[in-house]
Amino acid sequence: MKPVLRKGKLTTWKDDKGFGFIRSSDGTQDVFLHITALKETNYRPQVGDVICYQLTVGKDGRIHACNAFIEGVVSKPMLITSFSPIEKKTFKPKAKSSLIFEVLLLSLLPSLGGIHFALTTFNPIPLILYPVMSFLTFALYADDKYRAKQGRWRVPERTLHLCEFMGGWLGGFIAQRRLRHKSSKVSYQVVFWVIVAVHIIFWLDWLFFGKRLVGLFLGIVFRG
């Protein structure tokens, strides 16, 4: 007998643990949904999403959702097959060259500032810190995405943001573009770009405004 495709609304979702519950359309049943039951997609489930799913019985004897997808969200396999072979060949190099340009543009000011800082203070810490923390942050993004796919405990967002603030934001940006991770969550993106702005403003002040903002900040901190 062909499995029945059902529909319901996601009433609970624990993103850090990768599972939640769907309330069936008739309101009579709450069905367990694990992240691995969703067809691969860049979109993370949110409470209120309409989920289409089939039912299966797990090893624990409970009814689970399987072969699920979020209504209105196209899965990756469908998206990929919609391109012709020629489009694939032309799309990837463009995306790669665009990423390289964006990374060069974002890293230009911190690189110049780090070089100037090293020459004037004889302290190369920024030139070392940025690449090291970027590599670490990229690795944490990759690990967090792997954990999400496996339904395991996630890397806390505050840990990712701390690494970004400590100089790893460029690695975070590359990971968002290459791994398609944390790139669609608005609240995360707001904090991420505030961190980027703080770094850019710092180096602008250091190179072009005589360190006025730095001096003002240090004055406030020490007076406080």
About how many Å separate CD of Gln189 and OG of Ser184, when rounded to the nearest 0.5 Å?
-> 8.0 Å
What's the spacing between Leu136 CG and Glu164 CD if we round to 0.5 Å?
-> 11.0 Å
Can you tell me which residue pairs pass the ring-ring contact (aromatic ring centres under 6.0 Å, His included) test with a partner in residues 143-163, sequence neighbours excluded?
-> His161-Tyr188
Check side chain to side chain donor-acceptor pair (under 3.5 Å) between Asn67 and all other residues, then give those that pass, not counting sequence neighbours.
->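 Listed in chain order: Gln54.
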Excluding sequence neighbours, so at least two apart, what forms side chain to side chain donor-acceptor pair (under 3.5 Å) with Ser24?
-> Asp26
If Ile, Leu, Val, Met, Phe, Trp and Tyr residues are connected whenever their side-chain heavy atoms lie under 4.5 Å apart, and connections chain through other members, are Ile200 and Trp193 in the same group?
-> yes
List for me each residue that meets side-chain contact (heavy atoms from CB on, under 4.5 Å) alongside Phe117, sequence neighbours excluded, and say none if there are none.
->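 Thr121, Asn123, Pro126, Trp203, Trp206.
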Across all chains, not counting sequence neighbours, the side-chain contact (heavy atoms from CB on, under 4.5 Å) partners of Ala68 are Leu33, Leu38, Ile51, Tyr53
Look at the rings of His64 and Phe32 and say which category their plane angle falls in: under 30° parallel, 30 to 60° tilted, over 60° perpendicular.
->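 If you compare the ring of His64 with that of Phe32, the planes turn out tilted.
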When you look at Ile35 and Lys149, which way does the side chain to side chain contact (heavy atoms under 4.5 Å, CB included) test go after all the steps?
-> CA-CA 7 Å; Ile35 189 68; Lys149 287 183 176 181; over 6 Å; no
Ionic contact status for Asp15 with Arg154, cut-off 4.0 Å = yes
Do Leu112 and Leu108 have side chains that get closer than 4.5 Å, going by heavy atoms?
->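 The answer is yes; the side chains approach within 4.5 Å.
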Is a side-chain N or O of Lys145 found less than 3.5 angstrom from the main chain of Leu179, in a donor-acceptor match?
-> yes
Decide yes or no on ring-ring contact (aromatic ring centres under 6.0 Å, His included) for Phe19 and His34, but give the supporting numbers first.
-> CA-CA 4 Å; Phe19 72 85; His34 194 272; 7.3 Å; no
Can you list the steps and then say if Lys182 with Glu157 is a side chain to side chain contact (heavy atoms under 4.5 Å, CB included)?
-> CA-CA 10 Å; Lys182 297 292 186 182; Glu157 289 188 355; 3.1 Å; yes
Which donor-acceptor pairs under 3.5 Å do the side chains of residues 168-175 make with protein atoms, sequence neighbours left out?
unit_1: Trp169; atom_1: NE1; unit_2: His199; atom_2: ND1; d: 3.4

